[in-house]
Amino acid sequence: MIEPLTIPGVRVSRTNSMQMLRQIVQMTGNLSKLVIFSYSVTDGWLRQLMKLRQEYQVQHITLVLDRAVMIRHREKLLQIERVADECYLTDSHAKVYLSQGETKSIALITSANATNNYRNECYYGTDRPEEIKQIESDISAILGTAFCID
C-alpha cells in the first residue's frame, strides 16, 4: 500500500519517486504542468512518465538533469524527446518535483532520483503559495544558467 503524501510536511518512508510524482499530479489534477529535477533518469521511469502524462493529460513536462550523467548516457536523450517538452542539462543535483495545476501547485524537494528504486527516501512537500513562489524563483534561476536541449 502506498502511503499518502503529507502536504505540507516532511516524511521519510520506503517509496519511489514515480509514486510520489503520481500522487502530486493526482492532487493538482488533470492538465497540470510538471518540472522535474533529477540527477539521473531510467528508461522504465520515462515509460511511466509517458503513461502518467497520458492518464492525467499533463500539458507540459520540463526535465532538468545532471549534465555529466547525460553526457555519459546520450542515448537517453532520444527517449526524453518523446516524453518531455523541454530538457535542460545543469550541474545542479537538485531533486525537485513541481506539479502546477489550474488551481493548485505542489512541490516536493526530495532525496529520490527519477528511478524505479524502492528505498527509504525523504521529502518535504508543500502547497503553500509563498513557498511555491520561492521554489519557482529558484527553478527560474537554475534554468537561466542551464543548457537547453532542443
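The first residue of the sequence shown is numbered 1, and numbering continues consecutively from there.
Looking at S111, its side chain does come within 3.5 Å of a backbone N or O of C122 through a donor-acceptor pair. At distances below 3.5 Å, not a single donor-acceptor pair connects side-chain atoms of S38 with backbone N or O atoms of K95. Side chain of Y123 to main chain of T6: a donor-acceptor pair is present (N/O by atom type, distance under 3.5 Å, no hydrogens or angles). A donor-acceptor contact shorter than 3.5 Å links the side chain of Q59 to the backbone of Q57.
When hydrophobic clusters are built by joining Ile, Leu, Val, Met, Phe, Trp and Tyr residues whose side-chain heavy atoms come closer than 4.5 Å, directly or via intermediates, V35 is not grouped with F147. In terms of hydrophobic clustering, with Ile, Leu, Val, Met, Phe, Trp and Tyr side chains grouped at heavy-atom distances under 4.5 Å, V96 and V25 are assigned to different clusters. Neither L98 nor V83 shares a network with the other; the hydrophobic side chains, linked directly or stepwise wherever heavy atoms of I, L, V, M, F, W or Y lie under 4.5 Å apart, form separate groups for each. Hydrophobic clustering (ILVMFWY, side-chain heavy atoms < 4.5 Å, transitive): M27 and I36 are in one cluster.
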Return all side-chain donor-acceptor pairs below 3.5 angstrom for residues 43-50, not counting sequence neighbours, or 'none' if the list is empty.
| unit_1 | atom_1 | unit_2 | atom_2 | d |
| --- | --- | --- | --- | --- |
| D43 | OD1 | K76 | NZ | 3.3 |
| W45 | NE1 | S17 | OG | 2.9 |
| Q48 | NE2 | N116 | OD1 | 3.0 |

Run the side chain to side chain contact (heavy atoms under 4.5 Å, CB included) test on I80 and I149 for me, step by step, so that the C-alpha distance in whole Å, both residues' side-chain angles and the decisive distance to 0.1 Å come before the verdict. CA-CA 10 Å; I80 290 168; I149 302 293; over 6 Å; no

Could you give me the CA-CA distance, side-chain angles and deciding distance for I109 and I135, then say whether side chain to side chain contact (heavy atoms under 4.5 Å, CB included) is met? CA-CA 9 Å; I109 301 165; I135 291 167; 4.0 Å; yes

Please evaluate residues E121 and N16 with respect to the criterion side chain to side chain contact (heavy atoms under 4.5 Å, CB included), reporting the C-alpha separation (whole Å), side-chain torsions for both, the decisive distance (0.1 Å), and the verdict. CA-CA 7 Å; E121 301 286 1; N16 77 15; over 6 Å; no

Just do the side chain to side chain contact (heavy atoms under 4.5 Å, CB included) check on I132 and Q100 with the steps written out, would you? CA-CA 10 Å; I132 296 291; Q100 299 168 303; 5.6 Å; no

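Between L108 and L5 the shortest side-chain heavy-atom distance falls below 4.5 Å. Within the 4.5 Å cutoff, side-chain heavy atoms of L21 are placed close to those of L34. Looking at heavy atoms from C-beta onward, R22 lies in side-chain contact with Y56 at the 4.5 angstrom threshold. When side chains are defined from C-beta on, I24 does not count as touching D127, because their heavy atoms never get closer than 4.5 Å.
With a 6.0 Å radius and a threshold of 12 heavy atoms from other residues, nucleotides or ligands, E102 has its CD atom at or below the threshold.
The CE atom of M70 sits 15.5 Å away from the OH atom of Y88 when rounded to the nearest 0.5 Å. Rounding to the nearest 0.5 Å places CG of L89 at 6.5 Å from CG of L65. Going from atom CD1 of I106 over to atom OG1 of T126 covers 9.0 Å, rounded to the nearest 0.5 Å. In this structure, OG on S40 lies 9.5 Å from CZ on R72, to the nearest 0.5 angstrom. For the atom pair CD (Q26) and OG (S99), the distance works out to 10.5 Å, reported to the nearest 0.5 Å. Here CG of L143 is found 8.5 Å from SG of C148. Values are rounded to the nearest 0.5 Å.
Nearest approach of S105 to G101, heavy atoms of both residues: OG-N, 4.2 Å. In terms of heavy atoms, Y97 sits closest to F37 at CE2-O, 3.9 Å. Contact between I61 and V58 at its shortest, heavy atoms only, is CG1-CG1, 3.7 Å. Of all heavy-atom pairs spanning T90 and A146, the tightest one is CB-CB, 4.0 Å.
With sequence neighbours excluded, the residues satisfying ring-ring contact (aromatic ring centres under 6.0 Å, His included) with H93 are Y39. Applying the salt bridge (charged side-chain N to carboxylate O under 4.0 Å, His left out) criterion to D85, with sequence neighbours excluded, gives R53. Scored by the salt bridge (charged side-chain N to carboxylate O under 4.0 Å, His left out) test, E136 finds no partners at all (sequence neighbours excluded). Applying the salt bridge (charged side-chain N to carboxylate O under 4.0 Å, His left out) test to R128 and every residue at least two apart in sequence or in another chain returns E131. Applying the side chain to side chain donor-acceptor pair (under 3.5 Å) criterion to R67, with sequence neighbours excluded, gives D91.
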